[in-house]
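Keep in mind that what you see is a predicted model, and the values were worked out from it rather than measured.
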Amino acid sequence: MEVFCAVFGMFFVFDIITPGFSACLLGCSCSNDNLGRSLLCMETPMEHIPENIPDDFTKIRIENCHLTELPQGSFSQVHVLEFLWLNFNEITLMTIKSLEGLSNLTELRLQGNKLTSVPWTAFQSTPRLKILDLKNNQLDVLPEHALRYLPALTYLDLSFNQLSITSKEVFTNWPLYQIAEKAWGKEGLVSNVVLALHDNPWSCDCRLKGFVEFIRKVSPPVILMNSYLKCSGPRTKVDKYFHEVQLKTCMKPLASAAESNVSLSLGANATLMCQVKARPLSNIQWMYPLKIIRGFASTQTQIDEETITSQLVIPSVHLADRGLYTCMANNFIGNSSVGISLNIDSPISSAPLPPPVPMLSSNDSPHIDIRIAKQTVYGITLEWHAVTDNPAETWFTVHFGKYDSPKKEMIFIGPGINSYSVSDLLPVTKYEVCVTLKNHPPREGQCIVFVTGSDISQLEQRERLIHIIVIVCAMVLAVPAGMYACTTEARFSCVDRCVDLWKKRRRHAEDAEGSERQNTFDSLQAASDEALYRDPEEKPTKRRKSEDRCRGGSAAHLY
């Protein structure tokens, strides 16, 4: 009995001193086999890798456990670990020290996670790693020296990822590939290297030329798990196998223009065109002096796999549009540009001018309704309707510029066009836009005044760079009543007051003219700066009577 108690006590003390030999994680199972001690955790909810993993495991398998990252030194205490399976979790992040302390690791499986990139230098800690399974992740980049720190690797699975472009140097720099290639020449010595690259969206353009040639020539000791790799782009090569495509060497852009000097008459529509040859296809943009004020539309047409034409359309050119227009193209190899000079014939030249518009006397006041039809983060689109004797032959002039600028840009709008977009606006700037018949100066009540807001922090929605603050309550240019601007702080009574005042003046104008016209309102929109136009000393021209103003709210009179 005393001997039994002594032996039992020894086992009890040993178990206390070395708890790792018997402990197992809650919700997991542990076992022993000829490979050593194993830990198995299946569908066990885990927010992170447990910190109390015993250090005697040679195999750890944690799958479907909702892990999201592998932090630094996740298994550093398990020095004898040889097999690590972390399949079908939600791992999105690895650090360069995630595998720290795993010098004996020979197999790492991370299939079915959400990795978009891998810190390949992390494998400096695993010099004995032979199997690396990264299948079914979201990897989209494979650096040229990715496999440099995997000298013992004989199995690499990168299938079912998002790889589209890579170079052959990734694999020719693979240490074991170089060793195996030399060993293959020795009789009786076989060293197989298994590589899986299928089911990736390969883009078969010039950037993939070297890799495609490598795949075509690959042979033992390198074995492709699936040798029929397919192209996912460009459009002309979709679903073609690598051995079916012929790729050319990449080429930097070469931009050219059929006409380097273009001369047009005032008011004509212009189309400037350039052609760019490049492999791969390049990005094209136009640069010109007034781009920040007048943003013109450009279109692109793909001629073949390496040629694009770009057209810049300038409606109703005016003198301010004269200058150098540069077509700029670039791809990852380089860039190129070509300049086109646009010359506008002045009114005193002999060049034909647009159809003349009868000049009206200063007392004539044609009915023109204008409204803000569209508001974007970059500007506004104006629309107007004019009651004239010959609407199909009527030309308009849009006067646009900063509110305090004595000179405004004049844009001539041809017949049949009743809208104009103002884009590329500066933030925190007060602008004025007027619409008149051609050759007529703007008069009171024929202008819209608005202010752009401040730049929004990039931490918020990046695309919302600029927003319009002041929106007009009622904008009818035929009524010399001015316009009112309301901010979000305006009380509803103020808005009602604005509308009532407008209606009264409208009825008064109709009685005076002896005609009936339908009331036109611009849609009321919200604004965001209650301090706008509150300065009573701000350049008044013809101040209205105090009883005509909105009171008790944040509305202000626009002159």
Heavy-atom closest pair (A270 atom, V317 atom, distance to 0.1 Å) is CB-CG1, 3.8 Å
Aromatic centroids of F171 and F214 separated by under 6.0 Å: yes
In terms of heavy-atom contacts, E409 and A320 come closest through OE1-CB, 3.0 Å
_Under a 3.5 Å distance rule, please check whether D199 uses its side chain to pair with a backbone N or O of S159 as donor and acceptor._
no
Original post:
Taking side chain as C-beta onward, heavy atoms only, is E305 less than 4.5 Å from T236?
Top reply: yes
query: Between T271 and L312, is a side-chain contact (heavy atoms from CB on, under 4.5 Å) present by the stated rule, with each step listed?
result: CA-CA 6 Å; T271 301; L312 183 69; over 6 Å; no
query = With side chains defined as the heavy atoms from C-beta onward, is the minimum distance between V449 and Y403 less than 4.5 Å?
reply = yes
Neighbour count >12 (heavy atoms, 6.0 Å) for atom CG, L324:
yes
Nearest heavy-atom contact between C206 and K248 is CB-O, 3.0 Å
Please determine whether side-chain contact (heavy atoms from CB on, under 4.5 Å) holds for the pair L342 and L264, giving the CA-CA distance in whole Å, both sets of side-chain angles, and the decisive distance to 0.1 Å. CA-CA 8 Å; L342 178 61; L264 295 171; 4.0 Å; yes
Item to check | Y288 ring center near F296 ring center (under 6.0 Å) | outcome: yes
Between N200 and L158 (side chain of the first, backbone of the second, donor and acceptor by atom type, cut-off under 3.5 Å), is there such a pair? yes
Exercise. Do V338 and S336 come close enough that some side-chain heavy atom pair is under 4.5 Å?
Worked result: no
Heavy-atom side-chain proximity of F242 to L208 below 4.5 angstrom: yes
Value for CG (N283) from CG (N335), rounded to nearest 0.5 Å, stands at 11.5 Å
Min side-chain heavy-atom separation I308-I303 under 4.5 Å:
no
Here the pair of heavy atoms bringing P119 nearest to M94 is CG-O, 3.5 Å
Between the CG atom in D321 and the CG atom in L319, the distance rounded to the nearest 0.5 Å is 8.5 Å
Please step through side-chain contact (heavy atoms from CB on, under 4.5 Å) for the pair L437 and T397, ending with a clear verdict. CA-CA 6 Å; L437 293 184; T397 301; over 6 Å; no
Notebook entry, point to check: How are the rings of F160 and H198 set to each other: parallel, tilted or perpendicular (split at 30° and 60°)?
Noted result: perpendicular
TODO: Taking atom types as modelled, find out whether T309 and Q311 have a side-chain donor-acceptor pair closer than 3.5 angstrom.
DONE: yes
message: Taking the basic N atoms (NZ, or NE/NH1/NH2) and the acidic carboxylate oxygens, is any pair closer than 4.0 Å for R207 and D205?
response: yes
Taking every heavy atom of A278 against every heavy atom of N331, the minimum-distance pair comes out as CB-ND2, 3.8 Å
*asked:* Distance alone, cut at 3.5 Å: any donor-acceptor contact between the side chains of T381 and S421?
replied: yes
More than 12 heavy atoms of other groups within 6.0 Å of K291 NZ:
yes
Is the closest basic N to carboxylate O distance between E213 and K209 below 4.0 Å?
-> yes
Problem set entry | Student check: side-chain heavy atoms of I333 and C250 closer than 4.5 Å | yes
Is there a side-chain contact (heavy atoms from CB on, under 4.5 Å) between W120 and L142? Walk through the geometry before answering. CA-CA 9 Å; W120 296 95; L142 201 57; 3.6 Å; yes
Is the shortest side-chain heavy-atom distance between Y241 and C231 below 4.5 Å?
no
Checklist line | Backbone N/O of E306 and side chain of D304: donor-acceptor pair under 3.5 Å | finding: yes
d(L115 CG, T92 OG1) to nearest 0.5 Å is 7.5 Å
Between the OH atom in Y228 and the CD1 atom in I215, the distance rounded to the nearest 0.5 Å is 13.5 Å
When you look at CZ of F332, are more than 12 heavy atoms from neighbouring residues, nucleotides or ligands closer to it than 6.0 Å? yes
Minimal heavy-atom distance between H318 and L266, with the atoms involved, is CA-CD1, 3.4 Å
The side-chain contact (heavy atoms from CB on, under 4.5 Å) partners of A329 (sequence neighbours excluded) come to P253, V276, S282, I284
Do side-chain atoms of N161 reach the backbone of L139 as a donor and acceptor pair under 3.5 angstrom? yes
Determine whether I448 and E432 make a side-chain contact, defined as any pair of heavy atoms from C-beta on separated by less than 4.5 Å. no
In this structure, OG of S298 is separated from CD of Q285 (nearest 0.5 Å) by 9.5 Å
Which word best sums up how the rings of W202 and F211 line up, parallel for under 30°, tilted for 30 to 60°, or perpendicular for over 60°? tilted
To the nearest 0.5 Å, atom NZ of K252 lies from atom NZ of K277 at 15.5 Å
### Message
Tell me if a side-chain donor or acceptor on N173 pairs with a main-chain N or O of H145 at a distance below 3.5 Å.
### Response
no
